[in-house]
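For reference, the structure is listed below as structure tokens.
Fair warning: this is a prediction, and the values are worked out from it, not measured in the lab.
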2 protein chains.
Amino acid sequence: MTEPPRDARERLIEGTRELLWERGYVGTSPTAIWRASGVGQGSMYHHFQGKPDLVLAAEQRSAEQMQRDIRACFAQEGSAYERISAYLLRERDALRGCPVGRLVADPEIAADGRLREPARETFAVLHECLVSALEDGRNAGEFAADLDAVRTASTLAAVVQGGYTLARAEASAEPYERAVQGALALLRLADR
Amino acid sequence: MTEPPRDARERLIEGTRELLWERGYVGTSPTAIWRASGVGQGSMYHHFQGKPDLVLAAEQRSAEQMQRDIRACFAQEGSAYERISAYLLRERDALRGCPVGRLVADPEIAADGRLREPARETFAVLHECLVSALEDGRNAGEFAADLDAVRTASTLAAVVQGGYTLARAEASAEPYERAVQGALALLRLADR
DNA sequence: GTCTATACGGCGATAGAC
DNA sequence: GTCTATCGCCGTATAGAC
């Protein structure tokens with residue numbers, strides 16, 4: 001399915017992505033990165049200036065992929081509700097959480113505009129897709145005419161991100177599933 | 001308002017709470033703790049066995065406080081919707097996030113049953129309060145008879161936690177406010 | 001491009017004096 | 001109970017050979 005990484009640079013980015021997802025910025029050491037990526041230390045410092053530089057490249061890759069997945073999901077055929085539920089019900093490993101959302105938990109990333117940018121952009125794309133779908137549904141009579149698309153879009157995005165937190169606290173995917181199902185049910189009830 | 005910490009033990013717990021909230025488990029070093037708490041290193045290792053022991057005490061304190069706040073909020077007078085919105089609209093520093101929810105982002109805490117327990121218990125308390133309020137509202141005719149209280153409770157809890165993530169990604173409290181307002185609007189629309 | 005060697009500070013903890 | 005000293009390891013690089 002997935003192409004195996006080719007050169008050192010590519011392996012480093014993929015290794016960093018994995019470690020960032022699992023352990024965050026502080027928890028991800030350069031040593032762990034080159035070891036996990038199967039390249040030498042000298043090679044890493046040849047391709048990247050240092051940890052922040054490599055992390056930025058990894059973040060951009062993760063953001064790019066998530067944005068592509070989001071757009072693909074919302075470009076599918078179907079009613080507004082179907083597209084929204086398709087996104088919310090996508091296969092996710094709730095206990096792993098979101099590779100992009102995880103990043104902003106660390107203050108080093110939250111405080112640095114450049115390191116924060118990929119996450120900001122990704123959630124902006126998600127929000128835009130959700131707003132469009134909600135407006136479509138409102139225009140088609142699927143949702144109440146007074147449904148606030150902008151706010152509801154933030155609600156739905158938050159349910160996914162917060163569902164991860166609840167899942168990790170219980171070490172079970174169930175709270176995540178419940179949160180998403182509950183959000184979709186509320187959306188169905190908002191049909192007049 | 002708040003009592004200043006008295007003894008070394010107390011100061012250590014409060015200092016650890018702050019650092020954990022801000023920087024998570026990996027990002028919080030014993031050295032930073034005793035420095036921030038204004039006690040000596042030897043004192044710290046006299047009162048606590050090591051980092052996990054001290055972190056557990058700090059977690060329990062944060063969990064205890066959050067649970068007390070939750071119960072107080074839901075014990076107020078008013079309709080079910082009023083109690084729920086009172087909780088969702090509580091003054092929060094959205095950019096700081098949740099002192100309890102932050103903990104489970106770190107794998108060291110998520111993987112350790114004892115360190116995870118305070119967070120698990122806190123979200124269980126929140127879920128229970130939300131379910132009770134939603135059932136009350138349903139019985140009083142405030143919400144649709146087929147509203148699923150258990151799932152909706154998880155949805156509302158997730159909106160708050162996920163709202164923090166969106167806020168940090170944008171470095172603004174606005175996405176958090178939108179998410180909460182959107183959730184309350186959905187709840188109001190689910191009234192038949 | 002990739003390698004090994006080296007550096008310096010911080011982490012997490014222990015020892016033992018006071 | 002609190003203090004300072006010390007420890008071994010790791011984080012985050014830099015240097016210079018190959």
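Side chain of B/Arg168 to backbone of A/Ala105: a donor-acceptor contact under 3.5 angstrom is found. Between the side chain of B/Trp21 and the main chain of B/Arg96, a donor-acceptor pair closer than 3.5 Å is present. With hydrogens and angles ignored, the 3.5 Å screen pairs a side-chain donor or acceptor of A/Thr155 with a backbone N or O of B/Ala183.
Salt bridge absent: B/Glu14 and B/Arg11 never bring a charged side-chain N and a carboxylate O closer than 4.0 Å. Remark: B/Arg23 engages A/Glu108 in a salt bridge, criterion side-chain N to carboxylate O under 4.0 Å. A salt bridge does not link B/Arg61 with B/Glu64: none of the charged nitrogens is closer than 4.0 Å to a carboxylate oxygen. Classification of B/Arg151 and A/Glu177 as a salt-bridged pair fails, no side-chain N sitting under 4.0 Å from a carboxylate O. Between A/Arg120 and A/Glu117 there is a salt bridge, since a side-chain N of the basic residue sits under 4.0 Å from a carboxylate O of the acidic one.
Where DNA chain D meets chain A (any atom under 4.0 Å from a heavy atom), the bounding nucleotides read 5' to 3' are D/dG11 to D/dT14.
Within residues 45-56 of chain A, the residues that place at least one heavy atom under 4.0 Å from DNA chain C are, in residue-number order, A/His46, A/His47. Contacts with DNA chain D (heavy atom under 4.0 Å) in residues 21-41 of chain B: B/Gly40, B/Gln41, listed by number.
Shown are A/Thr152, A/Asp148, A/Leu189; of these, the side-chain contact (heavy atoms from CB on, under 4.5 Å) with B/Leu186 is made only by A/Thr152.
Side-chain polar atoms of A/Arg92 and A/Tyr164 form a donor-acceptor pair below 3.5 angstrom.
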